[in-house]
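Quick note: residue numbers are just sequence positions, from 1. Model, not experiment: these values are computed from the prediction.
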Amino acid sequence: MSTWFLTRSIIGWRLCSVDSHSLWPHLGELIVEHIERKVDEVVVSARVRGHRARCRHCGKYSGRVHGRYDRTLADAPVAGAGVVVVLQVRRFRCTNGKCAAVTFTEQVPGVTTPHSRATPLWQDMVARIGLALAGRAGARLAAAIGINCGRDTILRRVRAPPDPPRGEVTVAGVDDFALRYVRAHVPPPPASAGTTSTTSSTAVWECWSAHDD
């Protein structure tokens, strides 16, 4: 879809067209039907280009449409204005009789994820802001560039990615404050009755107690 803008040049005002997919390349799988510029945001109305979708439970494609509804997704800002994508998605009926899901909603790679109200691009931007500035400062920066979210949302996006895989431990550190707290506040565990050897917990406590500050 081409969008017409009124621009001013040295020869006066003129109309120019811009392809919407050049502004939002991650929306290439969508048909942009309408773009509306409001006071503080840009609303993009779109629908999915394909005629069938793949069931995420069994992996089989289906073209039997069960219903339609609109999803509102926050997207990356443009020129300091927030972008909202109003996407018409379809719910399909799975044709696989052995599938546990009777119906499923189509998902667009790079645009939608299950149960999400924002595009992956928006989520990645918010996570990067949170990693750099944390909650309060990140929320102020986000509001300045057109991202409407609070500090709790930013912190959730920071905690959302999985932890990186742990490698082999080569160096183990000792927390001196924790050792002093254990000696001052935690009594030693009692030795097991009828045994001559101390338990593992007792041995650990004795090791901590013997630590020299």
Problem set entry | Pairwise distance NZ(Lys60) to SG(Cys99) - rounded to 0.5 angstrom | 10.0 Å

Exercise. Val43: which other cluster members, linking ILVMFWY side chains closer than 4.5 Å, directly or transitively?
Worked result: Val84, Val86

Exercise. Would you say the side chains of Glu33 and Ser45 form a donor-acceptor pair under 3.5 Å?
Worked result: no

For this session: Would you mind reporting whether Ile129 and Ile145 have side-chain heavy atoms less than 4.5 Å apart?
Result: yes

For this session: Test side-chain hydrogen bond (donor to acceptor under 3.5 Å, both in side chains) on Arg91 and Thr105 and set out the steps.
Result: CA-CA 4 Å; Arg91 177 174 290 275; Thr105 303; 3.1 Å; yes

Problem set entry | Face-on cation placement of Arg64 at Phe92 ring, 6.0 Å and 45° thresholds | no

Seminar exercise, completed: Heavy atoms of Phe104 and Ala53 approach each other most closely as CZ-O, 3.7 Å

For this session: Find the distance between CE (Met125) and CD (Gln123) and round it off to the nearest 0.5 Å.
Result: 12.5 Å

Exercise. So, for Leu121 and Ala76, which heavy atoms are closest and what is the spacing to 0.1 Å?
Worked result: CD2-CB, 3.6 Å

Exercise. Is any side-chain heavy atom of Cys94 closer than 4.5 Å to a side-chain heavy atom of Cys58?
Worked result: yes

Exercise. Given Asp75 and His26, is the side-chain contact (heavy atoms from CB on, under 4.5 Å) satisfied, shown in steps?
Worked result: CA-CA 10 Å; Asp75 199 11; His26 59 291; 2.8 Å; yes

Exercise. Which atom names give the shortest non-hydrogen contact between Leu73 and Val111, and what distance separates them?
Worked result: CD1-O, 3.8 Å

Problem set entry | Common cluster, Val78/Leu30, ILVMFWY with side-chain heavy-atom separation under 4.5 Å | yes

Exercise. Do Arg128 and Asp124 sit within salt-bridge range, that is, some charged N less than 4.0 Å from a carboxylate O?
Worked result: yes

For this session: Heavy atoms only: give me the nearest Ala81-Glu41 pair and the separation to one decimal.
Result: CB-CA, 4.4 Å

Problem set entry | Value rounded to 0.5 Å, distance of SG in Cys55 from CG in Asn96 | 7.5 Å

Exercise. Quick one: CZ on Arg47 to CG on Asp70, what's the gap to the nearest 0.5 Å?
Worked result: 12.5 Å

Exercise. Do you know which two heavy atoms are closest between Gly59 and Arg54, and how far apart they sit?
Worked result: O-NE, 3.0 Å

Problem set entry | Heavy-atom side-chain contact between Val102 and Arg93 under 4.5 Å | yes

Problem set entry | For Val32 against Ala46, the heavy-atom pair lying closest together | CA-CB, 4.1 Å

For this session: Begin with the C-alpha distance, continue with both residues' side-chain angles, and end with the deciding distance and a verdict on side-chain contact (heavy atoms from CB on, under 4.5 Å) for Leu141 and Ile147.
Result: CA-CA 8 Å; Leu141 175 62; Ile147 298 178; over 6 Å; no

For this session: Report yes if some heavy atom in the side chain of Arg71 is under 4.5 Å from a heavy atom in the side chain of Thr112; otherwise report no.
Result: yes

Exercise. Can you get from Leu27 to Trp122 by hopping between Ile, Leu, Val, Met, Phe, Trp and Tyr side chains that sit under 4.5 Å apart?
Worked result: no

For this session: For a side-chain hydrogen bond (donor to acceptor under 3.5 Å, both in side chains) with Thr153, tell me which candidate from Arg157, Arg151, Arg156 qualifies.
Result: Arg156

Exercise. With the threshold set at 4.0 Å, does a side-chain nitrogen-carboxylate oxygen contact exist between Glu106 and Arg90?
Worked result: yes

Exercise. Hey, what do you get for OG1 (Thr72) to CG (Leu87), rounding to the nearest 0.5 Å?
Worked result: 9.5 Å

